[in-house]
Every structure is written in structure tokens, then in C-alpha cells.
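In what follows, chains carry the letters A, B, and so on, assigned in the order in which the sequence lines appear, proteins first and then strands, with residues in each chain numbered from 1.
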There are 2 protein chains.
Amino acid sequence: MNELPFTYQAFLSGAEISLERICADLVDQHRDKIQIKKEKLAARNMFRIVSAVISLSQKKGFQGMSLRDLSEETGMSMGALYNYFGSKEELFEMIYSQGRVFVFEVLRSHASDDNPDVRLREAICAHLYLSEALSRVFSFFFMEARNLSLPNQKNVINLEQMTESFFEDILQEGKQKGSFSIESPEMIAAAIKALLQNWYLKKYRFSRRKLTVENYARFVIGFVSSNLR
Amino acid sequence: MNELPFTYQAFLSGAEISLERICADLVDQHRDKIQIKKEKLAARNMFRIVSAVISLSQKKGFQGMSLRDLSEETGMSMGALYNYFGSKEELFEMIYSQGRVFVFEVLRSHASDDNPDVRLREAICAHLYLSEALSRVFSFFFMEARNLSLPNQKNVINLEQMTESFFEDILQEGKQKGSFSIESPEMIAAAIKALLQNWYLKKYRFSRRKLTVENYARFVIGFVSSNLR
DNA sequence: GTCTATATAACGATAGAC
DNA sequence: GTCTATCGTTATATAGAC
């Protein structure tokens, strides 16, 4: 049995991993565009909005979700909604960019060991645990990434490319230090990313098998490790 | 270097693998709903329509694609389009159900060797080659599956489960025959499917690296094989 | 009374449909 | 081309807190 660098519980205890947290940051970051003065109220309602967006997008896609759907789901009026964003497109960009910042920060803070071998396992665990806690958010990002507008795509790097580069860097360093005996770090990185995405995209399958995220982490680490030596 | 059971060229020579073929079948299968009498003309225009649907859906999603977009992309008038389908939703169902039939038939006709070890490689190759030839179709199916009405969604799940079960059965048999030394065939099957999906979902990444489908097939077979013994 | 947040209702544009 | 429904959006009225 593979040893995990940290448990799911320890991961959750370390920092606040929640959509509420992301929404609070979002309100803080977009203070100028949000016309609600009271910060606590703004954060609370933004959470209702973002939750509804993710839920509705799961059913019919972001484009297929109307603002009237959003109004009904949140219990807020159309007019009230527009105090929290300038346009439907801007709402998407806000959610995406804030989520991306959050994911990157969490990944970076958990996978920091000097040893590439350890750091790789840390990164796999951190990503799996994070996507477990925020599975709906991750699925939303994956499925709706194409809604990013082109001018912003220069500033907002695709979340997926960021993730893959993160793993590729670890593998590259491990290769140079002699920890890993691999041909192509980018191919292994792509494979790891596919296995990680599989967890949150097909979560309903795994939960039906009563498979915990920790056991899946052990499986992925084992599966990948067989190809590093 | 791993040996592949058959080349991409050999696979393509075996049967007509194309969107044109699927569209011809589609016209044939939905003869009652399509108001165009001349079969060749109907098949040709249906191909233009389906190509445009897939192309536009890739950019903005099926919901985000308007019929005016479709009219412009195909060069056909709105009125003309409605000779080929009864509604936007029906158009989607037609494409999806016909594609599903085609994919299943092609997959089933390959991967029939008695040796589990050989059959596993056959199945991986067949799936990868098929998704290479029809990558836009596969991506469309994956991304737009949620647009299916509820009665049909059960068929989608069954197809997904069938694909995964197909690999699971091979692994299970190989385990019993002693060819594979594995704990959980279903976990390996899930991992294989994730790696296969990765090919057509992120094709643009791989083609930028000048990676051929055969080389990716070798990579997947090698990556998986490391975990079978 | 003043400020903030929410609700109402209607605009022009565009959707699917024929 | 034309229909009606609905889209995103916004001007304006209303309600509530201090």
C-alpha cells in the first residue's frame, strides 16, 4: 500500500477549501464592479449566484442558462442580480479567473517539497483532494472553458494548461536530478492530468463503488509510479 | 518499442470511417423525417449540416449555436434547413443516436482475439484510431451529452458503461487466465478510458507536438502494461 | 430623511419555427 | 420574410435600515 503525503482530513483542516471562500475572495477582488456596499451581504449573495450558475450549467450549459433561470434558482430578482455583475459574460469571467487563482494557490502551497518524488505525490494528492471538495466547480471549469472570451484568454491562462505545466515541471526536475527515469515528461504529465480529471468528471461512478478519494490517490500514485523507473 | 496489433492505415482500409458515412446512414435511418426525396442530395446536405453543427458547437456549445449561425455556416437558408430536421433538439438527437450506433459497431468488429493480452491492445488501438478519424465527433459527444433528453440519457450511460465494461471484461479474463497480475480490473479499465478520452479531447495539444496516434497508442499500451505484471 | 438593496416592468434584439 | 417567445439588459419604483 502506497503512503500518502497527507490525508484528506488534514488537507481540509489546513485551509478553508470551499466555494464560499472563493466567492468571498471574488467579491473582494471585484469591489469596483459589485455595487453592493456591505461585504458580508455581497459575499453571501455572490455564493448563492455562483452556486446556482454551476448547478444550472451542469444541466444545460452556461450558454443554455438564462438569467431568468438564475433569478429563479437564487430567489433574487433580475435587477438585484445586475448589482453583482455587469453582464452574463463578465459573470463567467469573474468566476473563472477567481477559481483559477484559488486552485493555483492551493496547489502551490501543498506541493512544495524539495524532493521531486515527494512533491509529485503531494501534487497528485492536493489536486485530487481539491477536486473532491470542489468537484462541481472543477467540472464547471472543464466543461465551460470555451466560454472564455478571446481577449481575456491572453490574460487568463487556461486552468488546464496551468495544471499540466505544474506537473510537467515536477517531472522535468525529477528527470534532471535522476529521480525519474522517463523519456517524455510532458506525456507523463498529460497522462496524470487525464487520471486526475477522471476523478471529478466521473465522480458519480466512483462514489457508487464506495471508492474514497484517498484510495483513488493511492491508485493514481501507484499507476504513475510504475512508469517512472 | 511496443508492437501494435494493426496500423492506423490498415484500420482505415478495413471499413469506411467518416462523418460522410455516418450522415448517409443518418439520412437512410430517418427517411420519414427528412423531406428531401433525392437520397444523394439529402446525404450531401446533411453532411454539411452535421459538420457545421459540430464545428459551431466546438466554439460556443450546441445551445450557444443559433440556427442562423448554422444557416450561415452551411450556406443554406433557414427554410431549407427545416427540411432536414423537425427542430433543433431533434437534430441533436439524430446526430447523437446515429453516431452512437456507428461507434459501437466499429468498436465491436475489432478486438476479437482470444488472447486477452492481444485483445487489450486491439481494443486500445481500435478506440484510439476511431477517435482519431472522428475526433470532432467524439469531442462533440463528450461535451454535449447533457443536451440529450432524459429517456436517451440512459442510453448514453449505457454506452459509457459498455465501453468501460468492454475493457474490464478483457482485464478480468486476463486476470483469471494468469496473463495479468492485477488487483482491480475495473480501476484499470477506468484509467484506460481516461487515457483514451485524453486523446480526442486534447487533440490540439498532441498535434502541436507532432505526435501521431500510433505513437500515442504505443504510449498508452506501455503505460498500462507497466501495471499489468 | 437618506442611503442601500431589491423588485418591477419594459426595451430592443434575437431566438426557434414555419 | 414573418410570427411569437424569450433573451440579456436597464430605467425606474419600492422597501428597509439607521
Nucleotide N/O to protein N/O under 3.5 Å, stretch nucleotides 8-11 of chain C:
none

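- Between B/E164 and A/R209 there is a salt bridge, since a side-chain N of the basic residue sits under 4.0 Å from a carboxylate O of the acidic one.
- Partners of A/E122 according to the salt bridge (Lys or Arg N to Asp or Glu O under 4.0 Å) rule, which considers only residues two or more places apart in sequence or in another chain, do not exist here.
- Near-neighbour residues of DNA chain D inside residues 37-67 of chain A, defined by a heavy atom below 4.0 Å, number-ordered: A/M65, A/S66, A/L67.
- The side-chain contact (heavy atoms from CB on, under 4.5 Å) test applied to B/S112 returns no partner, not counting sequence neighbours.
- Computed from coordinates, the A/E90 CD to D/dT9 P distance equals 10 Å when rounded to whole Å.
- Listed pair B/Y82 / C/dC18 fails the phosphate criterion, with no side-chain N or O lying under 4.0 Å from OP1 or OP2.
- Atom CD in A/Q35 sits about 12 Å away from atom P in C/dT4, given to the nearest Å.
- If you take CG of A/D69 and P of D/dC7, they are 7 Å apart, rounded to a whole angstrom.
- Although no hydrogens or angles enter the test, the distance criterion places a donor-acceptor pair under 3.5 Å between the side chain of A/S57 and the main chain of A/V53.
- Here D/dC7 presents its P atom at 16 Å from CG of A/L91, a figure rounded to the nearest Å.
- In this structure, B/K193 forms no cation-pi arrangement with B/F166, as its terminal cationic atom is not both closer than 6.0 Å to the ring centre and no more than 45° off the ring axis.
- Between the side chain of B/R31 and the main chain of B/K37, a donor-acceptor pair closer than 3.5 Å is present.
- Interatomic distance, CZ of B/F102 versus OG of B/S18, reported as 6.5 Å (0.5 Å rounding).
- Distance, B/E89 CD to C/dG16 P: 12 Å, rounded to whole Å.
- If you measure from atom CG of A/L81 to atom C1' of D/dT10, you get 13 Å, rounded to the nearest angstrom.
- In this structure, B/Y129 contributes its side chain and B/F6 its backbone to a donor-acceptor pair below 3.5 Å.
- Between A/K202 and B/E186, none of the side-chain N atoms (NZ, or NE/NH1/NH2) sits under 4.0 Å from a carboxylate O, so this pair counts as no salt bridge.
- Residue A/Y84 is in sugar-phosphate contact alone, with no base atom involved, counting any heavy-atom pair closer than 4.0 Å across all strands shown.
- Of the possible polar contacts, one joining the A/D69 side chain to the A/S66 backbone as a donor-acceptor pair under 3.5 Å is found.
- In this structure, B/N147 atom CG and C/dG16 atom P are separated by 13 Å, rounded to whole Å.
- Interface residues of residues 23-34 of chain A facing DNA chain C, ordered by number: none; criterion, heavy-atom separation under 4.0 Å.
- Evaluation of the side-chain contact (heavy atoms from CB on, under 4.5 Å) rule for B/S135 yields B/Y200, B/K203 as partners, not counting sequence neighbours.
- Nucleotide C/dA17 holds its P atom 16 Å from the CE atom of B/M76, rounded to whole Å.
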